[in-house]
Amino acid sequence: MACISPDGKPTESGTKLLRALKSGLSSAEDIAQDTGLPLFRVRSGLRELAGAELVIEKGEGYELSPKGNELIG
Amino acid sequence: MEEVIRLPRLGESAPDFEAPTTHGTIKLDDYKGSWLILFSHPADFTPVCTTEFVAFAQIYPELQKRGVELLGISVDSITSHIAWVRNIEEKLGVKIPFPIIADLNKEVSQLYGMVHPGQSKTETVRCVFIIDPNKIVRAMLYYPLTTGRNMDEILRLINALQTTDEHKLATPANWRPGDMAIVPPPLTTESAEERLKQGYECADWYLCKKKL
């Protein structure tokens, strides 16, 4: 489940993770439960989104970066 | 000088890795808290491996019910893996739902001792590593290139390991869920005496079974 496509935009799964963060979820565990995605996919996806500067690691969880927030609207 | 490769051993931490897969880059740490079956196959687009992938996909729902994830690995490229899983879906009607590592440089294969030169110098043999939620290697199976793995045994092994963890019991030969399990042997003569009074089914003091 790559979350970023070669053109740098989030894939469908990436968008799902960004929306989960937008809804206020923060931890990979909560996002996995909410989205129904396996935990390993959520963890690897969030890491990839962080690499693309769309999300920021914060403590034990993640939050949208200004760039991610702008993208998801 | 001959290269010495250290294999993972039961009860030790599984070697960490970060690798490209058909589902993006994955680290072993991503599976922390879940059981993981890491399994290697010799090559994409080969007949025995194709039957195994179909079989792994078929037991995947049962594995998920037990909190187990699957992760395949071979020394083929991502492009080859993608083409192969698409071919399996097209020709055999089975979607492969789990990721596959593209281990082109054999980095992960070497860490796990998956290349056995006596079988093939270039391909991974059919290995299965069962890794628990704490990243400990709990079981290993090695099959030769010519023999497809037995999914019933893999499921049975998962059931047995999880039963052992839950009940602190061992499982006898050919154990299946619902069968009686073995009470660990006593460590003192006193507990050997007491054991015979505890209502277990005992052939003798060292071989006692109980229902779960």
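Proteins come first, then strands; the chains are lettered A, B, ... in the order of their sequence lines, and each starts at number 1.
- Atom NE2 in His23(B) sits 9.5 Å away from atom OG in Ser13(A) (nearest 0.5 Å).
- Separation of atoms NZ (Lys32(B)) and CG (Leu39(A)) is listed at 12.0 Å; rounding is to 0.5 Å.
- Counted within 6.0 Å of CD on Glu107(B), heavy atoms from surrounding residues, nucleotides or ligands total 12 or fewer; the atom is thus considered open.
- Within 6.0 Å of atom CZ in Arg86(B), 12 or fewer heavy atoms from other residues, nucleotides or ligands are found, so the atom counts as exposed in its surroundings.
- For Asn174(B), the CG atom counts as loosely surrounded, since its 6.0 Å shell holds 12 or fewer non-hydrogen atoms of other residues, nucleotides or ligands.
- Atom-to-atom distance recorded for Lys27(B):NZ and Phe40(A):CZ is 15.5 Å, nearest 0.5 angstrom.
- We find that Asp30(B) and Arg47(A) are joined by a salt bridge, their nearest charged nitrogen and carboxylate oxygen being less than 4.0 Å apart.
- No more than 12 heavy atoms of other residues, nucleotides or ligands lie within 6.0 Å of OH in Tyr206(B), so this atom counts as exposed by the packing criterion.
- Enclosure of atom CD in Glu12(B) by more than 12 non-hydrogen atoms of other residues, nucleotides or ligands within 6.0 angstrom is indicated.
- Residue contact with chain A, scored on non-hydrogen atoms closer than 4.5 Å, is absent for Pro20(B).
- Residues Arg41(A) and Pro97(B) come closest through the heavy atom pair NH2-O, 2.9 Å.
- The distance from the CZ atom of Arg43(A) to the CD1 atom of Ile26(B) is 12.0 Å, given to the nearest 0.5 Å.
- At most 12 non-hydrogen atoms from other residues, nucleotides or ligands lie less than 6.0 angstrom from CD of Glu201(B).
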